[in-house]
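Before any comments, here is the structure.
Every number for a ligand or one of its atoms is a count from 1 in the order of the listing.
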Amino acid sequence: MSKFVYLFNEGNSEMKELLGGKGANLAEMTNIGLPVPFGFTISTQACNDYYEAGKKISAVVEAQILAALQQLEENTGKKLGDTANPLLVSVRSGSVFSMPGMMDTVLNLGMNDEAVKGVADLTGNARFAYDSYRRFIQMFSNVVLGIDSFYFEQFLEEVREQKGYSADPEMTAEDWQEVIAGYKQIVKKHTKNDFPQEPKEQLFLAIDAVFDSWNNQRAIVYRRLNKIPDHLGTAVNIQSMVFGNMGDDSGTGVAFTRDPSTGENILYGEYLINAQGEDVVAGIRTPQPIHVLEKDMPVVYKQFTATCELLEKHYKDMMDIEFTVERGKLYMLQCRVGKRTAQAAIRIAVEMVNEEIIDRKTALLRVDPDQLNQLLHRRIDDNHNQTQIAKGLPASPGAATGFVVFDADEAEQLGNDGKKVILVRSETTPDDIHGIVAAQAVVTSRGGMTSHAAVVARGMGKACICGCESIKIDTNAKEFTVGDTVVKYGDVITIDGSTGQVFLGEIPMIDPELSDEFKQLLDWADEARFLGVRANADTPEDASKALEFGADGIGLCRTEHMFMDPKRLPIVQEMILAETDEQRQVALDKLLPMQQGDFEGIFEAMKGHPVNVRLLDPPMHEFLPDKEELLVEVTKLQITAPDSEELKEKEKLLKKVNQLAEMNPMLGYRGCRLGMLNPEIYEMQARAICNAAVVLTEKGIPVKPEIMIPLVGHVNELKRMRELVVETAEKVKEEAGIGFEYQVGTMIEIPRAALTADKIAEEADFFSFGTNDLTQTTFGYSRDDAEGKFLQTYIEEKVLPENPFAVLDRDGVGKLVETGVKLGRQVKPNLKTGICGEHGGEKSSIEFCYEAGLNYVSCSPYRVPLARLAAAQATIRHQLAEEKETVTSK
Ligand code: ADP
Ligand code: MG
Ligand code: MG
């Protein structure tokens with residue numbers, strides 16, 4: 001016969017699934033000899049059994065409950081419903097994951113008209129007894145019978161007023177008796193029944209209520225939001241009562257064994273003298289900081305600190321503890337691993353290693369990589385009194401203050417004048433890049449976490465809020481409104497990209513803190529990990545940042561961002577618009593020294609670490625003005641200045657824009673296709689990279705350039721582009737009379753490339769999986785369109801488990817990556833492989849990369865610490881799993 005009910009001395013902390021977190025830890029504390037009021041736990045299995053039986057406690061479960069109750073009575077020497085020495089219990093819910101929405105705890109169950117007299121006689125404290133009874137009626141009626149607390153509070157208020165009291169302590173035993181009589185009438189009125197006097201009936205009603213609460217609306221919604229499975233069920237804990245409200249030698253409190261916000265190794269918590277558990281939560285009286293207990297009750301305090309230390313050593317973690325003191329005697333009522341901020345998580349993990357409580361591997365697994373984001377960006381100082389005006393999606397962390405602008409050009413102008421601006425747009429497109437570069441932060445009213453603005457801002461480490469739908473932008477009036485608030489061009493706002501909040505006015509900021517403990521933990525991560533971590537960086541500043549955050553190199557340097565520079569864009573356009581080869585060469589000759597300068601800066605910043613440079617990738621039209629806008633200008637000029645040079649120029653431009661317009665730019669004339677048809681562009685870029693390598697080599701600074709050809713689908717593309725690069729490089733070496741090492745490789749971002757990776761590997765020194773494009777081309781989704789239109793619905797309706805642009809799709813895209821690695825290494829066993837793209841900074845994708853045997857991941861500089869930790873965790877988790885396997889197979 002299944003066991004459904006466990007006395008506290010029959011369980012342990014490993015049994016969370018069966019006993020719930022609360023029950024398992026009460027059992028554990030009981031077994032290590034801590035003073036826990038005795039009791040028993042009705043298992044989650046009994047809850048499932050209850051639902052299977054059509055919301056009925058089966059005879060088997062009922063019998064086991066009654067047997068456990070009898071044990072509890074023997075253990076305590078008290079009896080439920082006894083008139084002389086009544087047992088009072090609490091009924092507490094508790095599932096595997098702590099869950100708001102579940103039934104609240106009922107205290108003092110077992111009280112009735114007779115038991116209350118027994119308690120009064122036994123304690124010699126009638127006031128206490130009747131107060132406890134009326135609390136029980138109120139709690140039970142609210143939690144189990146579903147009567148709103150308001151009726152009880154209102155009645156109590158009336159009694160107090162009528163007696164002329166200002167607070168509860170003035171109430172006498174007789175006053176409470178009067179309240180109890182009134183409470184009973186309230187119950188009668190609402191339920192048409194008398195308040196249940198029979199303690200066993202009270203008990204089973206309360207147990208039913210806990211089980212029922214597993215499926216109340218709040219709990220269901222919470223489970224859905226937090227992806228907690230419905231079938232887990234909740235356990236019920238029945239525990240004998242202890243009383244913190246028996247006088248000034250009693251009290252109740254909560255404590256963390258370390259400071260949960262800073263991680264400092266000090267006892268942190270608060271308590272109330274002469275109070276029961278719910279008083280602390282209710283906030284009627286202000287609790288005392290825990291260290292005051294040392295003066296109030298020195299003996300108890302000593303015992304409590306010793307218990308906290310013991311619990312920490314036992315669980316090897318920072319604990320969150322609930323306790324009660326009854327007449328100078330300490331009781332432990334709950335313990336669990338405490339929640340903490342990122343800062344505290346790091347400090348606690350590192351200090352516990354130093355204190356020899358845990359080892360380094362455990363410490364590394366204790367910190368959630370996602371939490372680190374909080375620490376790597378400037379954030380708002382919480383002490384401010386500005387009002388939040390809107391809230392959107394926290395798309396890219398960090399905080400910023402600036403003047404509101406609505407247009408990328410304006411952002412750029414003001415930005416170049418040294419003004420701090422925040423670009424507010426309905427959404428952004430590649431045409432807005434220069435504005436995003438110049439702005440402190442970006443806010444969009446449309447779009448999701450992976451919209452253009454979000455991706456670009458994260459890449460640049462800039463704060464960004466997306467999908468801030470309450471903001472209505474009027475670009476013509478140059479203002480936006482949120483409700484009644486109007487924010488005009490040039491007004492100052494502050495935003496926090498970590499929370500998605502938008503505020504009016506300026507708010508002071510706190511700089512990111514890379515604490516010593518943080519650095520220590522990351523050093524340990526580097527020792528533990530095999531997977532390399534590189535950064536995506538396009539400028540010397542980003543490159544330095546990447547190194548500072550511990551990157552092993554640059555995994556993707558995008559040359560087009562260098563082309564977007566406003567000083568260069570006209571020359572880039574000149575190159576695109578050239579009608580003859582000579583004209584084009586003139587423009588390229590102007591670009592060459594600029595690009596060379598860029599690479600010199602980046603190579604120098606990277607101090608000999610490898611730098612992967614991708615040759616030009618985006619479609620040409622991204623460097624030209626918007627077609628629609630141009631058309632408007634031309635039409636205007638045709639009327640106002642029909643014979644002007646300007647009109648001729650613009651018409652020429654429009655013609656070119658029309659020529660370059662594509663039905664599907666994503667699948668169009670871009671990537672290596674540019675180099676195939678206009679080899680002089682790639683030649684110029686290759687030359688700039690090699691010239692830079694020469695300059696640095698001459699200066700005695702080591703360089704490791706990796707030249708990467710994008711969007712290869714057929715080996716012949718790579719073959720030809722490789723020849724071009726090698727030819728150029730050899731020419732440069734010969735001219736300079738200086739040698740340097742370089743590699744030529746390709747991005748794998750088209751399924752065909754992954755599927756023919758063996759052929760492609762013959763021409764490649766390395767593969768870099770461009771998982772952004774590879775996801776687009778594998779799913780056949782255009783990312784910008786997908787996110788604006790159907791992707792959200794797909795995710796909500798669970799057609800897709802996650803957004804594949806955020807979390808790498810292992811089944812599809814992942815299979816292509818694995819295939820690419822396998823085929824490539826058949827030809828070149830030491831082929832270097834990595835990924836670049838958003839996934840390189842996401843923890844589960846990083847774990848996949850480790851499993852697929854990649855050499856490195858590459859992500860934005862700001863995510864490098866996260867990736868270092870995630871890479872270490874992937875390694876450690878697999879090591880631990882292997883150790884376990886060898887143990888079990890022995
Ligand atoms: P929650 O899950 O909301 O923390 P608990 O079941 O821990 O709810 O109960 C809340 C509080 O009720 C506890 O912190 C404790 O102060 C009090 N409490 C619960 N059981 C008992 C008991 N047996 N004796 C005294 N107080 C209790
Ligand atoms: Mg609790
Ligand atoms: Mg690409």
Side-chain angles (χ1 to χ4, degrees), residues 7-8 16 19-27 29-30 34-42 69 72-73 75-76 78 80 86-111 119 123 128 131-132 135-136 138-140 142-144 203 206-207 209-210 213-214 218-219 222 234-246 250-256 269-285 287 290 304 311 319-327 329-339:
L7 293 169
F8 285 172
K16 288 201 177 66
L19 305 181
K22 201 179 280 170
N25 286 328
L26 282 167
M29 286 198 292
T30 303
L34 293 178
V36 178
F38 201 59
F40 57 90
T41 305
I42 307 167
L69 179 63
L72 176 58
E73 289 175 336
N75 180 290
T76 55
K78 298 176 179 182
L80 201 64
L87 172 69
L88 299 181
V89 297
S90 64
V91 178
R92 317 170 67 184
S93 62
S95 53
V96 185
F97 304 102
S98 97
M99 236 177 75
M102 294 299 299
M103 195 197 83
D104 290 328
T105 296
V106 174
L107 302 178
N108 308 339
L109 187 137
M111 272 290 193
V119 173
T123 57
F128 158 77
D131 181 23
S132 299
R135 282 173 193 258
F136 170 59
Q138 189 168 343
M139 257 186 272
F140 187 92
N142 175 238
V143 172
V144 179
L203 182 66
I207 295 169
V210 175
S213 75
W214 177 253
R218 274 201 305 165
Y222 183 85
T234 180
V236 189
N237 301 289
I238 312 293
Q239 184 177 30
S240 57
M241 284 298 301
V242 287
F243 297 96
N245 54 338
M246 289 191 83
S250 304
T252 184
V254 294
F256 291 86
E270 48 193 31
Y271 77 105
L272 268 176
I273 285 279
N274 196 7
Q276 242 185 353
E278 79 267 20
D279 299 338
V280 182
V281 191
I284 314 166
R285 284 158 56 196
I290 194 81
F304 183 62
L311 276 176
M319 303 302 289
D320 172 351
I321 291 164
E322 296 177 9
F323 68 97
T324 280
V325 180
E326 180 184 305
R327 291 188 166 158
K329 183 160 170 21
L330 175 69
Y331 292 96
M332 305 302 288
L333 291 178
Q334 193 174 340
C335 81
R336 62 189 149 192
V337 169
K339 291 224 163 33

Item to check | Which residues share a ring-ring contact (aromatic ring centres under 6.0 Å, His included) with Phe128, sequence neighbours left out | outcome: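 Expected list: Phe243.
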Checklist entry - Taking only residues two or more places apart in sequence, or in another chain, which ones meet Phe304 in a ring-ring contact (aromatic ring centres under 6.0 Å, His included)? => result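 Phe304: ring-ring contact (aromatic ring centres under 6.0 Å, His included) contacts with Phe323.
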Please round to the nearest 0.5 Å and tell me the distance separating atom [atom1] of [X] and atom [atom2] of [Y].
X	Y	atom1	atom2	value
Leu87	Thr76	CG	OG1	4.5 Å
Ser250	Gln276	OG	CD	10.5 Å
Ile290	Tyr271	CD1	OH	7.5 Å

Next on the checklist: Check for me whether Ser240 has a heavy atom closer than 4.0 Å to any atom of ligand 1.
Outcome noted: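 In this structure, Ser240 qualifies as a contact of ligand 1 - some heavy atom is under 4.0 Å.
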Does [X] reach the side chain of [Y], with side-chain heavy atoms less than 4.5 Å apart?
X	Y	value
Thr41	Leu26	no
Asn237	Thr105	no
Val236	Arg92	no
Leu333	Val242	yes

Side chain, backbone, both or neither: the part of [X] lying under 4.0 Å from ligand 1 by heavy atom:
X	value
Leu107	side chain
Leu333	side chain
Glu322	side chain
Met241	both

Which atoms of ligand 1 have any heavy atom of [X] under 4.0 Å away?
X	result
Lys22	1 (P), 2 (O), 5 (P), 6 (O), 7 (O), 8 (O)
Thr105	5 (P), 6 (O), 8 (O), 9 (O)
Thr252	16 (O)
Gln239	20 (N), 23 (N)

Checklist entry - Among all residues two or more places apart in sequence or in another chain, which pass the side-chain contact (heavy atoms from CB on, under 4.5 Å) test with Ala27? => result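 Expected list: none.
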Next on the checklist: Quick check: Gln334 and ligand 1, any N/O pair under 3.5 Å apart?
Outcome noted: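 N/O-N/O distance below 3.5 Å exists for this pair.
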Next on the checklist: Strictly under 2.8 Å, how many protein N, O or S atoms lie near the Mg ion (ligand 2)? Waters don't count.
Outcome noted: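 Under the 2.8 Å cut-off, the count stands at 3.
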Checklist entry - So Thr324 and Thr252, side chain to side chain donor-acceptor pair (under 3.5 Å) or not? Walk me through it. => result CA-CA 4 Å; Thr324 280; Thr252 184; 3.0 Å; yes
Checklist entry - Considering only heavy atoms, which of Gly94, Ser90, Gly20, Gly21 lies nearest to atom 20 (N) of ligand 1? => result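 Residue with the shortest heavy-atom distance to the ligand atom: Ser90.
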